[in-house]
Amino acid sequence: MGSIVEPWVTAENGNATAKGSNRELRHGRTAHNMSSSSLRKKSDLRLIQKVPCKTLKNILSNFQEVILGTKLTLLFLAIPLAILANSYHYGRPLIFGLSLIGLTPLAERVSFLTEQLAFYTGPTVGGLLNATCGNATELIIAILALANNKVAVVKYSLLGSILSNLLLVLGTSLFCGGIANIRREQQFDRKQADVNFFLLLMGLLCHLLPLLLKYAATGEVSTSLINKMSLNLSRTSSIVMLIAYIAYLIFQLWTHRQLFEAQEDDDDDAYDDEVTVEETPVIGFWSDFAWLVGMTLVIALLSEYVVATIEEASDSWGLSVGFISIILLPIVGNAAEHAGAIIFAFKNKLDISLGVALGSATQISLFVVPLSVIVAWIMGIKMDLNFNILETSSLALAIIITAFTLQDGTSHYMKGLVLLLCYVIIAACFFVDQIPQKQPNGTIVGLQPKNNPGSGFFAA
């Protein structure tokens, strides 16, 4: 079956033994691993075992586990369709939509592949891989947008990822969990949530100070000097944020690992009926590594399509670039992870749901955002942490509201409903907002020259 390593898979690794005990790997799984695993299907390899050719058998088994081993398999069809649409110059909004859909299963499969690598590298290195690759889609989109000098799109998309995790994912999880368990009080461990909120508030401070510099300056200070101070402060703050994120990883993976482990109930058969808890790797190390590299390249290709066609999609659909970046990109790009969090909330496993929502928000805030500033610095692009008054205020209120919602360690559907309604209000705000945002080069978002998708890193 899918949870058993066949002899030909073991042989692929030179009979290498996976490091770390199965028990340690199982009970050391993070919330992200558990959430993603809720969308996986049990693989039946009985037919593949009858294939006489060893090489073909290995290829088919890997295809079964990686491509067909998810409930999102049908969404993989959007990937070749997006490539064909770009090759034959179909409508750019169509390319944008297909690329977004294609990114959904890829994000879930990257999580699966990093979890498989943990069987060979050990749970600690596996945790580092998961922390790094968990938001690979957002990071790749940010880097490609920076390469196209679309700084506002980078800020919008990263802000949207934080807002969607704090309000949409967490709100939906609490609401659905409260409805499904309406006759009993849902409880969760506050310790993990407290750590995440401390870090989110520190990240918020790094966004507020560059913004306040603009309003604290008197009329005698030139705009260029204010922008220079804001940029220098943002770059310094980004280095501090990355140091804080490294400390967070040490705290999460070494010193206080027990706070972040996804707990599994031995008497909970409902979970085992839906998901097979894999205690052994189902594909070999080098196959896993090759699949991970390949899927990362496909994510980069689709992300470039998204970045190159976002303005045309905005014009065609009558939606602002801000609304598409803040609302649509995070919802579609992280749909698999979000669905997993909601599924576990239904099963009264709120610690896993909170780990997904708050953990992702923290990773974006303290890792992807400052790393984008540093990458922009290296590329000679002026990106600061000033997300403007409307965006920064939305972020601040989202963090505060969510912190108050989780302060007592209990949950019911009303808390989830309030978070969802707050997200709807913020979405409505960016829906009606038609104020153009200037890029560092002076151009306006939505009015840049229209480059062909694929004209960047994947140009012919």
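In this chain, numbering begins with 1 at the start of the sequence shown.
Every residue meeting the side-chain hydrogen bond (donor to acceptor under 3.5 Å, both in side chains) condition with T362, not counting sequence neighbours, appears here in chain and number order: N196. For F431, the ring-ring contact (aromatic ring centres under 6.0 Å, His included) partners two or more places apart in sequence, or in a different chain, are F323. For F387, the ring-ring contact (aromatic ring centres under 6.0 Å, His included) partners are H207, not counting sequence neighbours. Considering only residues two or more places apart in sequence or on other chains, W317 meets the side-chain contact (heavy atoms from CB on, under 4.5 Å) condition with P93, F96, A313, L319, I324, L328. With sequence neighbours left out, the side-chain contact (heavy atoms from CB on, under 4.5 Å) criterion links S161 to E138, P330, N334, I364. For D384, the side-chain hydrogen bond (donor to acceptor under 3.5 Å, both in side chains) partners at least two apart in sequence or on another chain are K155, S230.
Atom-to-atom distance recorded for I67:CD1 and E65:CD is 11.5 Å, nearest 0.5 angstrom. Here L366 contributes atom CG and I162 contributes atom CD1; the two are 8.5 Å apart, rounded to the nearest 0.5 Å. Atom CG in L75 sits 10.0 Å away from atom CG in L106 (nearest 0.5 Å). Here the CG-CD1 distance, from L81 to I95, works out to 11.5 Å after rounding to the nearest 0.5 Å. Atom CG in L297 sits 11.0 Å away from atom OG in S303 (nearest 0.5 Å). Taking CG of L98 as the reference point, atom CD1 of I79 lies at 10.5 Å (rounded to 0.5 Å).
Checking each of T296, V110, V66 against W291 for a side chain to side chain contact (heavy atoms under 4.5 Å, CB included) leaves exactly one that passes, namely V66.
Side chain of K150 to main chain of A145: no donor-acceptor pair is present (N/O by atom type, distance under 3.5 Å, no hydrogens or angles). Not a single donor-acceptor pair under 3.5 Å links the side chain of S316 to the backbone N or O of E312. With hydrogens and angles ignored, the 3.5 Å screen pairs no side-chain donor or acceptor of R109 with any backbone N or O of T104. The backbone N or O of L72 sits nowhere less than 3.5 Å from a side-chain atom of E108 that would complete a donor-acceptor pair. A donor-acceptor pair is defined here as one N or O able to donate and one able to accept, closer than 3.5 Å; no such pair exists between the side chain of S173 and the backbone of A345. For S157 (side chain) and V154 (main-chain N/O), a donor-acceptor pair under 3.5 Å exists by modelled atom type. Counting only distance, with no hydrogens or angles, the side chain of T73 and the backbone of T70 share a donor-acceptor pair below 3.5 Å. With S365 contributing its side chain and A361 its backbone, the two residues share no donor-acceptor pair below 3.5 Å. The backbone N or O of I283 lies less than 3.5 Å from no partner atom in the side chain of S287, so there is not a single donor-acceptor pair. Checking side-chain atoms of S164 against main-chain N and O of I331 turns up no donor-acceptor pair under 3.5 Å.
By the 30° and 60° cut-offs, the orientation of the rings of F289 relative to W286 is perpendicular.
The shortest side-chain heavy-atom distance between Y413 and V418 does not fall under the 4.5 Å cut-off. No side-chain heavy atom of Q64 sits less than 4.5 Å from a side-chain heavy atom of L60. With contacts defined as side-chain heavy-atom distances shorter than 4.5 Å, the pair L420/L167 does not qualify. At least one side-chain heavy atom of L302 sits under 4.5 Å from a side-chain heavy atom of Y305. Looking at L292 and L117, their side chains come closer than 4.5 Å, going by heavy atoms from C-beta outward. A heavy-atom distance below 4.5 Å is found between the side chains of I352 and K349. Within the 4.5 Å cutoff, the side chain of L354 has no heavy atoms near those of the Q192 side chain. Under the 4.5 Å side-chain criterion, counting only non-hydrogen atoms from C-beta, Y245 is not in contact with L371.
Of all heavy-atom pairs spanning I381 and L146, the tightest one is CD1-O, 2.9 Å. Among all heavy-atom pairs drawn from F346 and N181, the shortest one is O-ND2, 3.4 Å. Closest non-hydrogen pair, P105 versus I101, comes out as CD-O, 3.2 Å. The heavy-atom pair separating I342 from C176 by the smallest distance is CG2-SG, 4.0 Å. Minimum interatomic distance between T402 and A398 (heavy atoms only, all atoms of both residues): OG1-O, 2.7 Å. Between Q186 and L174 the shortest heavy-atom distance is OE1-O, 4.3 Å.
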message: Would F430 and E391 count as a side-chain contact (heavy atoms from CB on, under 4.5 Å) here? Give the steps.
response: CA-CA 9 Å; F430 288 107; E391 290 80 0; 3.9 Å; yes

message: Determine whether L358 and L166 satisfy the following criterion, side-chain contact (heavy atoms from CB on, under 4.5 Å), listing intermediate values before the conclusion.
response: CA-CA 7 Å; L358 298 181; L166 291 179; 3.7 Å; yes

query: For I141 and V307, what are the C-alpha separation, side-chain angles and deciding distance, and is it a side-chain contact (heavy atoms from CB on, under 4.5 Å)?
result: CA-CA 7 Å; I141 289 178; V307 170; 4.1 Å; yes

side-chain contact (heavy atoms from CB on, under 4.5 Å) assessment of S372 paired with I143: CA-CA 7 Å; S372 298; I143 293 175; 5.9 Å; no

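Side-chain contact annotation: D288 with Q116, donor-acceptor N/O pair under 3.5 Å absent.
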